[in-house]
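Nothing fancy with the numbering, it's 1 onward along the sequence. Note that ligands are numbered from 1 as they come in the structure, with each ligand's atoms numbered from 1 the same way.
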Amino acid sequence: MSKNHQKVVLVGDGAVGSSYAYAMVQQGLAEEFAIIDLSKERTEGDALDLEDATPFTAPKLVYAADYDTCKDADLVVITAGAPQKPGETRLDLVDKNMKIMKSIIEPIKASGFDGIILVAANPVDILTYAAQKFSGFPKHKVISSGTSLDSARLRVALAKKFNVSPVDVMANILGEHGDTEFAAYSSATIGGKPLLDMAKEAGVSMDELLQIEDEVRHKAYEIINRKGATYYGVATALMRISRAILRDENAVLPIAAPMNGEYGLDDIYIGTPAVINAQGIDRVIEVPLDERETKAMAASAKTLKEIATAGMAKLQG
Ligand SMILES: NC(=O)C1=CN([C@@H]2O[C@H](COP(=O)(O)OP(=O)(O)OC[C@H]3O[C@@H](n4cnc5c(N)ncnc54)[C@H](O)[C@@H]3O)[C@@H](O)[C@H]2O)C=CC1
Ligand SMILES: CC(=O)C(=O)O
């Protein structure tokens with residue numbers, strides 16, 4: 001994909017989608033950016049607004065479009081779907097958003113699209129699994145934002161605790177992007193030093209680290225209770241993943257990837273670090289897990305599998 005002209009299509013121009021579009025314009029990524037939504041008026045308005053930012057950033061063609069525009073796109077990013085209302089979990093959205101995903105994948109496929117799909121709509125691990133099944137596209141070309149946002153939240157929280165920059169915290173949330181996710185503390189480092197050693201020296205107990213994990217797990221609810229939705233964090237995570245794809249970076253990012261025996265799992269998308277480049281997921285990095293983390297990964301996978309199987313069966317039946 002190292003060509004001079006790159007094209008991204010956004011499907012879903014709501015709070016997350018429009019924030020992502022803005023982040024892509026700010027970063028000067030992709031020369032062409034097309035926007036699709038049920039509301040054509042909104043996409044037209046957003047395209048007109050976003051093009052006014054391009055003289056300050058980088059030249060870019062931004063426009064409202066229909067699905068046939070996907071045919072020569074490098075990347076399609078799907079943020080269309082219902083968001084959680086206060087009190088709802090991500091898994092509560094599965095039936096409604098799986099139907100929406102099916103209705104989106106069909107015209108994308110019909111356009112002849114041959115690029116990478118990046119899914120953010122929730123429940124994101126399950127919708128990515130469904131998008132791959134509905135499309136039949138190679139698994140490595142259907143990517144999920146997975147635990148990218150959650151891992152960013154963990155890095156922010158640990159940075160505050162240990163008084164360092166979040167940029168220098170290497171720590172991942174793995175598993176579901178949702179209530180069964182967990183922090184992989186046993187492999188986390190700050191400046192190359194194991195986080196658990198650093199915690200010991202600083203007098204930070206495992207209970208305190210588990211409290212941080214819990215706050216990260218619930219941060220979306222805290223934001224939704226205050227402002228109705230979360231969008232800046234995920235939009236920036238999506239921009240980062242898009243950059244890894246468009247610039248063929250081989251970047252190691254926490255996303256949700258299709259399992260092929262890693263962590264003892266198969267036929268499921270779940271949060272793990274992976275190498276991302278122009279081909280999509282180049283390979284999964286299977287992180288060594290301690291006993292607590294191994295159990296948490298198995299429990300998370302079980303939940304995702306049950307809900308995905310029930311959701312797919314309902315849609316087919
Ligand atoms: N993966 C992550 O880390 C995160 C995921 N999300 C998820 O992203 C999704 C979008 O959230 P928001 O932007 O806040 O919602 P929103 O309601 O602001 O926007 C959703 C957009 O999707 C569009 N849409 C719905 N059905 C469509 C269809 N069939 N075709 C085209 N467009 C369609 C709507 O018209 C609307 O513009 C939700 O599922 C939410 O839970 C939100 C935050 C973080
Ligand atoms: C809404 C959501 O999935 C999040 O902010 O994590």
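Protein heavy atom at the shortest distance from atom 20 (C) of ligand 1 is G81 O, 3.4 Å. The nearest heavy-atom contact from the protein to atom 3 (O) of ligand 1 is H177 NE2, 3.1 Å. Residue, atom and distance of the protein heavy atom nearest to atom 19 (O) of ligand 1 are G14 CA, 3.2 Å. Regarding atom 29 (N) of ligand 1, its nearest protein heavy-atom neighbour is I100 CG2, 3.6 Å.
Looking at Q27, its side chain never comes within 3.5 Å of a backbone N or O of M24 through a donor-acceptor pair.
Under 4.0 Å from ligand 1, heavy atoms of T230 appear from its side chain as well as its backbone. Using a 4.0 Å cut-off between heavy atoms, A15 contacts ligand 1 through both its backbone and its side chain. Under 4.0 Å from ligand 1, heavy atoms of N122 appear from its side chain as well as its backbone. Under 4.0 Å from ligand 1, not a single heavy atom of R90 appears. At a 4.0 Å heavy-atom cut-off, ligand 1 does not touch S148 at all.
Atoms of ligand 1 found under 4.0 Å from any heavy atom of S103, numbered from 1 in the order shown, are 29 (N). In summary, the atoms of ligand 1 found under 4.0 Å from a heavy atom of S145, numbered by their order in the structure, are 1 (N). Taking every heavy atom of N97 and a limit of under 4.0 angstrom, the matching atoms of ligand 1 come to 39 (O).
Within the set A120, A256, A152, A121, the minimum heavy-atom distance to atom 5 (C) of ligand 1 is found for A120. Evaluated by nearest non-hydrogen atom to atom 33 (C) of ligand 1, the leading choice among A80, G17, G228, S19 is A80. Of the candidates L127, L93, T79, the one placing a heavy atom closest to atom 9 (C) of ligand 1 is T79. With distances taken over non-hydrogen atoms, the option nearest atom 12 (P) of ligand 1 out of I78, L149, V16 is V16. Remark: among candidates P123, P83, A82, the nearest residue to atom 39 (O) of ligand 1 is A82, based on non-hydrogen atoms. Which of D37, L38, D150, V234 comes nearest to atom 34 (C) of ligand 1 through a heavy atom is settled by distance: it is D37.
Y22 and Y232 fall within the same hydrophobic cluster, defined by Ile, Leu, Val, Met, Phe, Trp and Tyr side-chain heavy atoms under 4.5 Å apart, directly or through other members.
By the 4.5 Å heavy-atom criterion applied to side chains, I281 and I276 are counted as neighbours. Proximity of Y67 to E106: side-chain heavy atoms (C-beta onward) are nowhere separated by under 4.5 Å.
Scanning for side-chain hydrogen bond (donor to acceptor under 3.5 Å, both in side chains) contacts around E249 gives R240, R243, with sequence neighbours left out. Considering only residues two or more places apart in sequence or on other chains, D72 meets the side-chain hydrogen bond (donor to acceptor under 3.5 Å, both in side chains) condition with K7.
Electrostatic pairing of K200 and D197 does not count as a salt bridge here, judged by no charged N lying under 4.0 Å from a carboxylate O. Checked for salt-bridge contact, D49 and R42 miss the test: no charged N lies under 4.0 Å from a carboxylate O. Salt bridge E213/R292: present, at least one basic N to carboxylate O contact under 4.0 Å. Ion pairing of E176 with R90 is absent here, as no side-chain N (NZ or NE/NH1/NH2) approaches a carboxylate O to less than 4.0 Å.
Inspection of the T272 and Y263 side chains reveals an N or O donor paired with an N or O acceptor under 3.5 Å. Residues Y63 and E51 bring no donor and acceptor atom of their side chains to less than 3.5 Å of each other.
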### Message
Working note: K219 + E215, criterion salt bridge (Lys or Arg N to Asp or Glu O under 4.0 Å); need CA distance, chi angles, decisive distance, verdict.
### Response
CA-CA 6 Å; K219 191 167 185 183; E215 282 165 14; over 6 Å; no

### Message
Would K193 and E201 count as a salt bridge (Lys or Arg N to Asp or Glu O under 4.0 Å) here? Give the steps.
### Response
CA-CA 11 Å; K193 182 167 176 140; E201 282 173 23; 2.8 Å; yes

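For ligand 2, the 4.0 Å heavy-atom shell takes in Q84, R90, N122, L149, R153, H177, A220, T230, ordered by chain and residue number.
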Solution key, residues 140-147 side-chain donor-acceptor pairs under 3.5 Å, sequence neighbours excluded:
residue : atom : partner : partner atom : Å
K141    : NZ   : D114    : O            : 3.0
K141    : NZ   : D114    : OD1          : 3.4
S144    : OG   : T128    : OG1          : 3.3
S144    : OG   : G146    : N            : 3.0
T147    : OG1  : I173    : O            : 2.8

